[in-house]
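First up is the structure itself, then whatever we jot down about it.
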Amino acid sequence: MKNKGLFITFEGIEGCGKTTQMNLLSDYLKKEGFSVLKTREPGGTRIGEKIRDILLNPDNKKMAKETEILLYGASRTQHIEEIIKPALKSGKIVLCDRYTDSTLAYQGFGRNMGISFIKRACRLSLGTIQPDLTILLDLDVKAGLDRIKNRKGGNDRIEKEKIAFHNRVRKGYLKLAKASRERIKIVKADKEIDEIQKEIKDIVIRKLYRKK
Ligand SMILES: Nc1ncnc2c1ncn2[C@@H]1O[C@H](COP(=O)(O)OP(=O)(O)OP(=O)(O)O)[C@@H](O)[C@H]1O
Ligand SMILES: [Mg+2]
């Protein structure tokens, strides 16, 4: 009954509550006796970290956007092969903080890169693995940024440009959800933490028992 893997990703704009909700769900599932793996890219893989160093190295300013997408994809592939696939195979529930929908929403919609190139790159990097379920926490951009403004160092005024960028990301996420209704479930994130968690639990339980 409890030995079939399930791959769940958490998505949404900054400060929407992904990490908070993922941790609560993990605690709940563990209490119910499931084996859970929490992860996020590059997931602690040595090769993934090396790719990340290339991506973050200021010497690489000349990097083409396409190169960037492909390197993120390569890091993802390593994460899938080394961490995610073995965990699913051993029957774990894998919870991942951000995944390909982030690439599509941020690079594609936020930075207005060609969506078809990113989709192809994501499809390649995913291989045969797709999340079984994606929880999209939808929140007003200003509210999300307000929640994390202390973490980001001070109470700096959020510029219009930044808001516009995050609004494109939010709209992009909603578009993606519309195109994949079966996989991506939108959960409104402007509520109490416990109330949101209850909704997420209901969705996950439905998915778990439909999969058996
Ligand atoms: N429903 C909520 N209502 C009010 N505050 C919340 C809610 N959910 C989370 N928070 C708080 O908002 C902040 C951001 O939450 P969290 O770190 O979970 O967001 P996130 O989506 O993971 O952000 P990031 O994209 O930056 O990783 C935290 O301080 C958290 O305690
Ligand atoms: Mg987080």
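Not measured: the values here are computed from a predicted model. For ligands, and for the atoms within them, numbers begin at 1 and follow the listed sequence.
Ligand 1 is approached by G15 to a heavy-atom distance shorter than 4.0 Å. Proximity of M22 to ligand 1 is not established, as no heavy-atom distance is less than 4.0 Å. The shortest separation from a heavy atom of K191 to ligand 1 is under 4.0 Å, placing the residue in contact.
Considering backbone and side-chain atoms alike, E14 places every N or O at 3.5 Å or more from each N or O of ligand 1. Close N/O approach between E192 and ligand 1 is not found [any backbone or side-chain N/O within under 3.5 Å]. Annotation: D97 places no N or O atom under 3.5 Å from an N or O atom of ligand 1; distance criterion only.
One side chain, T134 or T9, offers a donor N or O that lies under 3.5 Å from an acceptor on the other. Counting only N and O atoms by type, the side chains of E41 and Y99 include no donor and acceptor under 3.5 Å apart.
Close contacts of ligand 1 with I196, meaning ligand atoms under 4.0 Å from a residue heavy atom, involve 1 (N). Counting the atoms of ligand 1 from 1 in the order shown, those under 4.0 Å from a heavy atom of R98 are 25 (O). For ligand 1, the atoms closer than 4.0 angstrom to any heavy atom of I148 are 14 (C). Within ligand 1, counting atoms from 1 as listed, the ones closer than 4.0 Å to a heavy atom of G17 are 15 (O), 16 (P), 18 (O), 19 (O), 20 (P), 21 (O). For ligand 1, the atoms lying closer than 4.0 Å to a non-hydrogen atom of T20 are 9 (C), 15 (O), 16 (P), 18 (O), 30 (C).
The distance from the Mg ion (ligand 2) to the nearest N/O/S atom of T19 is under 2.8 Å.
Within a 6.0 Å sphere centred on NZ of K50, heavy atoms belonging to other residues, nucleotides or ligands number 12 at most. Crowding of K30 atom NZ: a count of heavy atoms from other residues, nucleotides or ligands under 6.0 Å exceeding 12. Few gaps surround NZ on K85; more than 12 heavy atoms of other groups in view lie less than 6.0 Å from it.
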Step-by-step side-chain contact (heavy atoms from CB on, under 4.5 Å) determination, F10 to L25: CA-CA 11 Å; F10 285 78; L25 183 68; 3.7 Å; yes
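Taking the six-membered ring where the residue is Trp, Y106 and Y173 present perpendicular rings, their angle passing 60° and hence far from 30°.
Note on L137: it does not cluster hydrophobically with I193, by side-chain heavy-atom contacts below 4.5 Å among ILVMFWY residues.
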